[in-house]
Amino acid sequence: MGRSTSSMVKLLVKHWVHNSEQLVCVFGDDEREGYVASNIQGVNRVPHVVAGPSLRMAEKHRVSPAPMKVLRSGAFMGDELVHDPGLWGLVQAGSPTDAAVRFGDNLTSAGNGSFLAVTSHRIGVLVETEHLQTEAEQPAPEEPAEGFSLLGAAKSVVRGVTSLGGDAPDNPVTCGFEIQMNLIREIAPVPMGRSGKPVRFLRFWFADGSSLSIKHPKAEQLADTIRQNIR
C-alpha cells in the first residue's frame, strides 16, 4: 500500500523542500491515478514508452491502469484519447531529449507510486525510496541516446540503491527528475477533447517547447495558485 498524499507531503517538506522554497501542491493518490501517453516527433505512444534513465519501482508498487485497446492500436484522431478515464497525463515534445519526455519517463516507470510535486522554485517526480527496486532487481542499465541532455540546469537524479525490507534508506524520498521554475515557460489550464464537454488539464510548458499536461478538474484554480507562489 502506498503512502497517502498528506503523509508524503510531510516527508517532502522534511527531506526534499529547501528552506528557501514553499511546497505548493503534490499530486498523488486519486489525483495521480492513471497512465501517461505521449506524442513525440509526431508519433503517438499510448501508453508512453520509457526510453531514458528513470526511476525503477519494485513490481508490486508499479501499478497503472491500461489504456483502452482502441487507443493502444492508435485508432484515434487528434486528442480523442483524453476521454479515456484511465489517462492522467500527456507528454508532447519535438525531441526525445526534451524535458517533458523526462517527466513522462519517470511518471510511467514509477506508475501510480509516483508523486508530482510543485514548489515555488521547481517541479519534480518523487517516490518513496523503499519502493524502488533493489540492486539485484535492477535491469541492466540502458545506454543513453546520442545527444542526451538534461536541458542545462534541469537535474535528473536516479537513485536505484535501496534495500526493500532491509535497512531504512538515508533519504525516504527519491527524486527521479526535477526542473527549475525558470525553465518553465508557462503554467495554464487547457481544455482538451473532441466532445461537447472538454476535459480539463493543467499544462506545464517548458523552455524547450515541450509540455506535460495532467488531468485535473480544478485546473484553473491550480494554475492560479502555482503562478501566485512562483519565486
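The model shown is predicted, which means the values in this text are computed figures rather than measured ones. The basis for the numbers below is simple: all heavy atoms, side chains too, and nothing from hydrogens, waters or symmetry mates. Numbering of residues begins at 1 and proceeds along the displayed sequence.
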Looking only at heavy atoms, which two atoms of [X] and [Y] are closest? And how far apart?
{"X": "Trp16", "Y": "Gly124", "answer": "CH2-N, 4.2 Å"}
{"X": "Val173", "Y": "Leu11", "answer": "CG1-CB, 3.9 Å"}
{"X": "Thr5", "Y": "Asp29", "answer": "N-OD2, 2.9 Å"}
{"X": "Gly193", "Y": "Val82", "answer": "CA-CG2, 3.5 Å"}
{"X": "Glu178", "Y": "Cys175", "answer": "OE1-SG, 3.4 Å"}
{"X": "Arg56", "Y": "Ser109", "answer": "NH1-CB, 4.4 Å"}

Can any side-chain N or O of [X] pair as donor or acceptor with the backbone N or O of [Y] at less than 3.5 Å?
{"X": "Asp224", "Y": "Gln221", "value": "no"}
{"X": "Thr174", "Y": "Val127", "value": "no"}
{"X": "Ser120", "Y": "Gln22", "value": "yes"}
{"X": "Arg200", "Y": "Val190", "value": "no"}
{"X": "Arg231", "Y": "Asn229", "value": "yes"}
{"X": "Lys215", "Y": "Gly89", "value": "no"}
{"X": "Glu21", "Y": "His18", "value": "yes"}
{"X": "Ser114", "Y": "Gly111", "value": "yes"}
{"X": "Ser210", "Y": "Ala100", "value": "yes"}

Atom pair [atom1]/[atom2] of [X] and [Y] - distance to nearest 0.5 Å:
{"X": "Arg122", "Y": "Met181", "atom1": "CZ", "atom2": "CE", "answer": "10.5 Å"}
{"X": "Phe204", "Y": "Leu183", "atom1": "CZ", "atom2": "CG", "answer": "14.0 Å"}
{"X": "Asp170", "Y": "Thr129", "atom1": "CG", "atom2": "OG1", "answer": "9.5 Å"}
{"X": "Leu202", "Y": "Glu31", "atom1": "CG", "atom2": "CD", "answer": "10.5 Å"}
{"X": "Leu87", "Y": "Met192", "atom1": "CG", "atom2": "CE", "answer": "8.5 Å"}
{"X": "Ser7", "Y": "Glu128", "atom1": "OG", "atom2": "CD", "answer": "7.0 Å"}

List the steps and the verdict of side chain to side chain contact (heavy atoms under 4.5 Å, CB included) for Val125 and Phe27.
CA-CA 10 Å; Val125 181; Phe27 301 95; over 6 Å; no

Check whether any side-chain heavy atom of [X] sits under 4.5 Å from a side-chain heavy atom of [Y], and report yes or no.
{"X": "Val91", "Y": "Asn39", "answer": "no"}
{"X": "Val26", "Y": "Val118", "answer": "no"}
{"X": "Arg32", "Y": "Leu107", "answer": "yes"}
{"X": "Val9", "Y": "Ser6", "answer": "no"}

From CA spacing to verdict: side chain to side chain contact (heavy atoms under 4.5 Å, CB included), Tyr35, Leu71
CA-CA 12 Å; Tyr35 69 88; Leu71 298 179; 3.6 Å; yes

Show, in sequence, the C-alpha distance, side-chain angles and deciding distance for His216 and Trp88, and conclude whether the side chain to side chain contact (heavy atoms under 4.5 Å, CB included) test is met.
CA-CA 8 Å; His216 200 285; Trp88 178 76; over 6 Å; no

SB check Glu186 Arg203 (cutoff 4.0 Å):
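Not counted as a salt bridge, because no side-chain N and carboxylate O are separated by less than 4.0 Å.
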
When hydrophobic residues are tied together by side-chain contacts of less than 4.5 Å, even through go-betweens, does Ile40 share a cluster with Val49?
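No; tracing contacts between hydrophobic side chains, which count when under 4.5 Å, never links both residues.
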
Using side chain to side chain donor-acceptor pair (under 3.5 Å) as the criterion, point out the one residue from Arg45, His48, Gln92 that pairs with Ser38.
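Among Arg45, His48, Gln92, the one meeting side chain to side chain donor-acceptor pair (under 3.5 Å) with Ser38 is His48.
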
What about the rings of Phe206 and Phe103, do their centers lie closer together than 6.0 Å?
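Ring centroids of Phe206 and Phe103 are less than 6.0 Å from each other.
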
Determine, step by step, whether Leu126 and Leu12 satisfy the side chain to side chain contact (heavy atoms under 4.5 Å, CB included) criterion, reporting the C-alpha distance in whole Å, the side-chain angles of both residues, the deciding distance to 0.1 Å, and the verdict.
CA-CA 9 Å; Leu126 298 106; Leu12 294 177; 3.7 Å; yes

